[in-house]
Amino acid sequence: MIGGIGLLERQARQLRHAGVATLLLVDAVPLMAVPAGVVMVTSASLVDHVAADDRVIVLAAGLVVDPRAVAAVLAVPAPAMLVAADEGVERIDARQMAGGVLAVPGGLVRRVAAALGEWDLASTLLRATAAEPEVVMIDRAAISPYAPAMRR
């Protein structure tokens, strides 16, 4: 629980607030109730839920992230990835780690899901996104830590 609500509910609210229309929970065995409007799917069935021309935002499992990080990734029209030099979800090269937020074309999600086999979807999609020539790496440290709307 974070601030009185479960993590899945927090992520669902955050994505809805960012304008995400369809929420899919992939390959999960949730320990809490799945929020209303979130559809549970398997990675094998993603081709039935994601169109090639969709733009897909991916949040890492268990991630609590500043809404400004999600907005920064969504603001880039190309494939985008939040990265950090100090800590993150998974190392992507010698200098940086993935920050747990991706925005990728639906076609890439479909290709990765179709060829996944026994591999982990999140790691495979992360690596495929990092390999895209037009991917924009957004440094988490470059996002201003001050937000007037969040003052209390």
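Throughout, numbering of the chain's residues begins at 1 and tracks the sequence. Treat the numbers as computed from the prediction; the structure is a model and nothing was measured.
- The shortest non-hydrogen separation linking Ile138 to Val73 is CD1-CA, 3.6 Å.
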Assess the residue pair Thr22 and Val20 against the criterion (side chain to side chain contact (heavy atoms under 4.5 Å, CB included)); give the C-alpha distance rounded to whole Å, side-chain angles, the decisive distance to 0.1 Å, and a yes or no. CA-CA 6 Å; Thr22 303; Val20 176; 5.8 Å; no

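- Sorted pairs that involve residues 31-40 and meet side chain to side chain donor-acceptor pair (under 3.5 Å), not counting sequence neighbours, are lacking altogether.
- For the salt bridge (Lys or Arg N to Asp or Glu O under 4.0 Å) condition, no pair includes a residue of residues 53-62, sequence neighbours left out.
- No option in Val58, Val41, Leu125, Val109 other than Val41 meets the side chain to side chain contact (heavy atoms under 4.5 Å, CB included) test with Val26.
- For residues 23-34, there are no salt bridge (Lys or Arg N to Asp or Glu O under 4.0 Å) pairs, not counting sequence neighbours.
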Begin with the C-alpha distance, continue with both residues' side-chain angles, and end with the deciding distance and a verdict on side chain to side chain contact (heavy atoms under 4.5 Å, CB included) for Asp66 and Ile143. CA-CA 10 Å; Asp66 188 316; Ile143 299 171; 5.9 Å; no

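- For Arg91, there are no salt bridge (charged side-chain N to carboxylate O under 4.0 Å, His left out) partners, not counting sequence neighbours.
- Here the side chains of Leu116 and Thr124 are in contact, with some heavy-atom distance below 4.5 Å.
- Nearest heavy-atom pair, Leu59 versus Gln14, reported as atom, atom and distance to 0.1 Å: CD1-OE1, 4.2 Å.
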Considering only distance and modelled atom types, tabulate donor-acceptor pairs under 3.5 Å from the side chains of residues 29-38, sequence neighbours left out.
none

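- Among residues at least two apart or in separate chains, there is no side chain to side chain donor-acceptor pair (under 3.5 Å) pair with a member in residues 31-40.
- Listed by chain and number, the residues in a salt bridge (charged side-chain N to carboxylate O under 4.0 Å, His left out) with Arg13 are Glu9 (sequence neighbours excluded).
- Partners of Arg127 according to the salt bridge (charged side-chain N to carboxylate O under 4.0 Å, His left out) rule, which considers only residues two or more places apart in sequence or in another chain, are Glu90.
- Residues Leu23 and Val39 fail the side-chain proximity criterion, which asks for heavy atoms closer than 4.5 Å.
- In this structure, Ile57 and Leu102 have side chains that are not in contact, with every pair of non-hydrogen atoms separated by 4.5 Å or more.
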Would you mind writing out the side-chain donor-acceptor pairs for residues 77-84 within the sub-3.5 Å range, not counting sequence neighbours?
none

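- Between Ala130 and Val135 the shortest heavy-atom distance is O-CG1, 3.8 Å.
- For residues 134-145, the salt bridge (Lys or Arg N to Asp or Glu O under 4.0 Å) pairs, not counting sequence neighbours, are Asp86-Arg140.
- Judged as a salt bridge (charged side-chain N to carboxylate O under 4.0 Å, His left out), and not counting sequence neighbours, Arg110 has no contacts.
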Show the atom names and distances, to 0.1 Å, of all donor-acceptor pairs under 3.5 Å that link a side chain in residues 44-51 to residues at least two apart or in another chain.
{"from": "Ser45", "atom 1": "OG", "to": "Thr42", "atom 2": "N", "distance (Å)": "3.3"}
{"from": "Ser45", "atom 1": "OG", "to": "Thr42", "atom 2": "O", "distance (Å)": "3.0"}
{"from": "Ser45", "atom 1": "OG", "to": "Thr42", "atom 2": "OG1", "distance (Å)": "3.3"}

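- At least one donor-acceptor pair under 3.5 Å links the side chain of Gln11 to the backbone N or O of Ala60.
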